[in-house]
There are 2 protein chains.
Amino acid sequence: MEHFVTTPTRPVLTGSARAVFQRLVEQGPSTRPHIGQSLGLSRPTMSAAIAELEKPGYVEMIGAIRGPLGRSAAEYRVGQGAGYVIAVDAGSTHVRLRVSTLDRRLLTSRQLRFPVSHIAIDADVSQAVAAEVGAVIAESLPEWGPLRVLGIATPTRVVGPEGDTEASRQNVVFCAFTPPKGAAIVLENNVNCAAVAEMHYGAAQGEADFVYVQVGLKIGMGIILGERLIRGRNGAAGEIGHLSFPLAPNTNPLRGEAEHFLGTEAFLARVRADWPPQAGAAPTDTAELLKLAGTGHEKAQRCVARHAADIGAVVASCVSVVDPGLVVLGGGLGASPLLLPGVQETVNRLSYAADIRNTLLGPDATVLGIERLAIEKALLLLIGQSG
Amino acid sequence: MEHFVTTPTRPVLTGSARAVFQRLVEQGPSTRPHIGQSLGLSRPTMSAAIAELEKPGYVEMIGAIRGPLGRSAAEYRVGQGAGYVIAVDAGSTHVRLRVSTLDRRLLTSRQLRFPVSHIAIDADVSQAVAAEVGAVIAESLPEWGPLRVLGIATPTRVVGPEGDTEASRQNVVFCAFTPPKGAAIVLENNVNCAAVAEMHYGAAQGEADFVYVQVGLKIGMGIILGERLIRGRNGAAGEIGHLSFPLAPNTNPLRGEAEHFLGTEAFLARVRADWPPQAGAAPTDTAELLKLAGTGHEKAQRCVARHAADIGAVVASCVSVVDPGLVVLGGGLGASPLLLPGVQETVNRLSYAADIRNTLLGPDATVLGIERLAIEKALLLLIGQSG
DNA sequence: CTATCAACGTTAGGCACCTTAACTAATAAA
DNA sequence: TTTATTAGTTAAGGTGCCTAACGTTGATAG
């Protein structure tokens, strides 16, 4: 009688097969000799690795590439067996999805914008995510293979299973939504996701150390040091909206004041309060203000400059603490080149030299970042920890 | 005719030998079966590894340990061939040395205190370091083996070879001092060293994420995240003395004011200015002030509490940025338990919950930290990168 | 159409580094 | 002295890579 329960273990890959698979995931399709050369693997080893990966469908040949001379080289890419991931940017104004293979070929994408009149509450967002993810799965094609990971970017703090998940509000996305079985879940803060995306595909490509500062409705920061996302003990690293403010001798700073002062609403309130009647109608949102400033409106320009200096002061504090060397500005206001010079001037005056740049990805940053994290998770699941 | 020049390459160790050696360095002497079990190595592999390590004298047998039953097990430790390191804490008030084997057996130690009347300038420190290191080498015993690494902790910023070494002033220790040939040099900021020491041997033992805040003549911070020291692009991570201050709406913060406000001198000046005549003679240094506060002197207690709150406000900012979860207080003032409650109260009011502790190592923290870093460097040199 | 050449891919053989199995060695207790 | 138990060694085998040699594919020259 057999009493052993064989756990359904994944096929264990050899080291070189892992490396080849990871290479195809991260760099996209390539030929056998090219991969072998760049990984330092001999041709026999490449043969074995490819054979190993083709069996479960992790890779597939997609053609042959001819050089100027000699036999043509076989080209491979990540195959159906590797499956796909769903990346969700679950914001309070919109829900955005990217569905892709592990080597980032876009399978489909979706977007849902909440009507401005309707302020989305947590349950609305959760229901929207449920509906969108459900639709994707319903319309999924067999050739996509299995769903490996569902990644969700949320505007809340995110802590690991050992942390205080209650306090973080990170689980509100699940209040009206049961995640699909069989797929792993990756949850990450939206600003952190944007930082990850800027590192891999955006303004911080190839940089090991930088911070991404989101300037918009709220203010937040994602910290990358040594190419790794810094999350902090409570998932609160970079939550600079919670910085106490003001910080001056013999004052009593208040917790979380920075966000109130630097967020879009307070900023616009100050702009309106200070708007001279002869300067025309006061702008009702930041886009309008930026447009005015861009067309030479002096008062608007002064408002933007003042805000840039305020942002710069806070950013300088962060730069002084972690010395990232590079700051990428994103978010509704941060993406504007108009803000950049003011921030740059203030930071360089108050802190160490730091390069300051605008985002290259704009509103796509978050969904691209959570896609990246989902893919990394899927890779780990497929090739194991020791990759 | 032989034209090949054989570069004097180190003996290449097998993977298991590397692991065994590292184990003996980090955990101290141990028996063969114990090491094998904890590393998951079979007995034949252990035999091979030990044989490999005994040839160059990297390890040596020091005895046999008898269990309650069966044959006794051979005990090994790091041997002469592994050599030794010199760790120097090159401060502006003192120079402190620890000379140790790679498994931290103290071979000798030295200490030099500059007369208080004489403010040590850079050249003095450099000369003192030269003299002390020279003395150690002159008195070194053959059984110590070769000097592998000279580690120096300096109160300056420290950047890598690719950084701006001029601006960092990190090389002033070498202005009157030529380092010994054949040994590698490790240079690190003294506060960072203290942080490393607290992680491995002190108040933050076993913690992967924390910050060490040095409160004394100056204020500085060492950041450990994911068990790794965070240095920053310009080696300026944690240089919170350079935080701009004040930070409040419609003020113009000044660069580096935090240090002026929070350093010992400015603090004492404020204490003296505010000292009521009927309270007795004003304290002339912080030790005196702490003593008064400790014996119940009310005014002194209020001064300490006020300073604790000021320190706490700055620490809260750092905690909000990196969310370390734990803060270790060190340095002349920070080591005092009197400061702790005030800092704790302020931090917890202004930021996320963070555990706050006093240093367990006191003034030894820095030299223990640079010793650790020197040993890590020596280990890398001996077993190669892939350990 | 065939010979030639260059690059691709596979097969054969070997080495490094680990394992398990079985043996010898040492030590306390029966 | 025998037995049980733990320590260490020897022998044999497996995995994962390599190099060397050989077969395959495709362009080009005669």
Side-chain angles (χ1 to χ4, degrees), chain A residues 9-24 29-56 58-77 382-387, chain B residues 9-24 29-56 58-77 382-387:
Chain A
T9 174
R10 297 222 164 271
V12 174
L13 297 178
T14 188
S16 51
R18 268 199 276 254
V20 169
F21 185 62
Q22 181 163 5
R23 169 69 210 245
L24 284 173
S30 186
T31 66
R32 220 195 309 219
H34 193 238
I35 299 170
Q37 246 176 336
S38 74
L39 293 177
L41 297 174
S42 66
R43 281 174 294 176
T45 304
M46 276 303 300
S47 272
I50 292 282
E52 206 176 337
L53 291 168
E54 274 185 320
K55 211 174 303 168
Y58 286 179
V59 309
E60 60 194 21
M61 212 199 350
I62 54 171
I65 290 202
R66 285 211 292 274
L69 225 53
R71 181 174 173 177
S72 44
E75 190 181 26
Y76 291 83
R77 73 172 183 195
L382 289 177
I383 71 179
Q385 324 307 336
S386 43
Chain B
T9 175
R10 298 218 165 272
V12 174
L13 297 178
T14 188
S16 51
R18 267 199 276 255
V20 169
F21 185 63
Q22 182 164 4
R23 169 70 211 244
L24 285 173
S30 186
T31 65
R32 220 197 305 220
H34 193 241
I35 299 170
Q37 246 176 334
S38 74
L39 293 177
L41 296 175
S42 65
R43 282 174 295 174
T45 305
M46 277 302 301
S47 271
I50 292 283
E52 205 177 336
L53 291 168
E54 274 186 320
K55 210 175 303 168
Y58 286 179
V59 309
E60 60 193 22
M61 209 195 0
I62 54 171
I65 290 201
R66 286 211 294 272
L69 221 55
R71 181 173 172 177
S72 43
E75 190 180 26
Y76 291 83
R77 73 173 183 193
L382 289 179
I383 71 178
Q385 324 305 337
S386 44

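Protein chains get the first letters and strands the later ones, always in sequence-line order, with residue 1 at the start of each.
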Without decimals, in angstroms, what is the distance between [X] [atom1] and [N] [atom2]?
X	N	atom1	atom2	value
Tyr76(A)	dC8(C)	OH	P	13 Å
Ile65(B)	dA26(C)	CD1	C1'	16 Å
Ile50(B)	dA7(D)	CD1	C1'	13 Å
Leu41(A)	dT19(D)	CG	C1'	14 Å
Glu54(A)	dG9(C)	CD	P	11 Å
Arg43(B)	dC23(C)	CZ	P	14 Å
Glu75(B)	dA26(C)	CD	P	19 Å
Met61(B)	dG8(D)	CE	C1'	12 Å

For DNA chain D, find the residues of residues 32-39 of chain A with a heavy-atom distance under 4.0 Å and give them by number; none if there aren't any.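 Going residue by residue through residues 32-39 of chain A, none turns out to have a heavy atom under 4.0 Å of DNA chain D.
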Close residues, residues 66-74 of chain B, relative to DNA chain D [heavy-atom separation under 4.0 Å]: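 Residues of residues 66-74 of chain B under 4.0 Å from DNA chain D: Leu69(B), Gly70(B), Arg71(B), Ser72(B), Ala73(B), Ala74(B).
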Under 4.0 Å from OP1 or OP2 of dT15(D): is there any side-chain N or O of Thr14(A) that close?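 Checking dT15(D) against Thr14(A), no side-chain N or O comes under 4.0 Å of OP1 or OP2.
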Output yes when at least one side-chain N/O atom of Ser42(A) is less than 4.0 Å from OP1 or OP2 of dT19(D), else no.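 No.
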Quick one: pull up [atom1] in [X] and [atom2] in [Y] and give me the separation to the nearest 0.5 Å.
X	Y	atom1	atom2	answer
Leu24(B)	Glu60(B)	CG	CD	10.5 Å
Leu41(B)	Ile50(B)	CG	CD1	10.0 Å
Lys55(B)	Leu13(B)	NZ	CG	10.5 Å

So which nucleotide from dA11(D), dC18(D), dC17(C) ends up closest to the side chain of Pro44(B)?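 The answer is dA11(D), which lies nearest to the side chain.
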Passing candidate, side chain to side chain contact (heavy atoms under 4.5 Å, CB included) with Tyr76(A), options Leu53(A), Val59(A), Val20(A):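 Per the side chain to side chain contact (heavy atoms under 4.5 Å, CB included) rule, the option paired with Tyr76(A) is Val59(A), out of Leu53(A), Val59(A), Val20(A).
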Closest non-hydrogen atom pair between Ala73(B) and Thr31(B), with its separation: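 Ala73(B) and Thr31(B) have their closest heavy atoms at CB-CB, 3.9 Å.
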Contact summary for Met61(A) and Glu54(A), nearest pair of heavy atoms: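 Between these two residues, the closest heavy atoms are N-OE2, 4.2 Å.
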Name all residues meeting the side chain to side chain donor-acceptor pair (under 3.5 Å) criterion together with Ser16(A); count only those two or more places apart in sequence or in a different chain, and write none if there are none.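 By the side chain to side chain donor-acceptor pair (under 3.5 Å) rule, Ser16(A) matches no residue at all.
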Describe the nucleic acid contact of Thr31(A) in one word from base, sugar-phosphate, nothing, applying a heavy-atom distance below 4.0 Å.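 The answer is nothing, as Thr31(A) stays clear of every strand by at least 4.0 Å.
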Any non-hydrogen side-chain atom of His34(A) less than 4.5 Å from a side-chain atom of Arg23(A)?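 Contact flag for His34(A)/Arg23(A) side chains = yes.
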Quick check: does any side chain N or O of Arg18(A) sit under 3.5 Å from a backbone N or O of Ile383(A), one acting as donor and the other as acceptor?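 The answer is yes, because a donor-acceptor pair under 3.5 Å joins these two groups.
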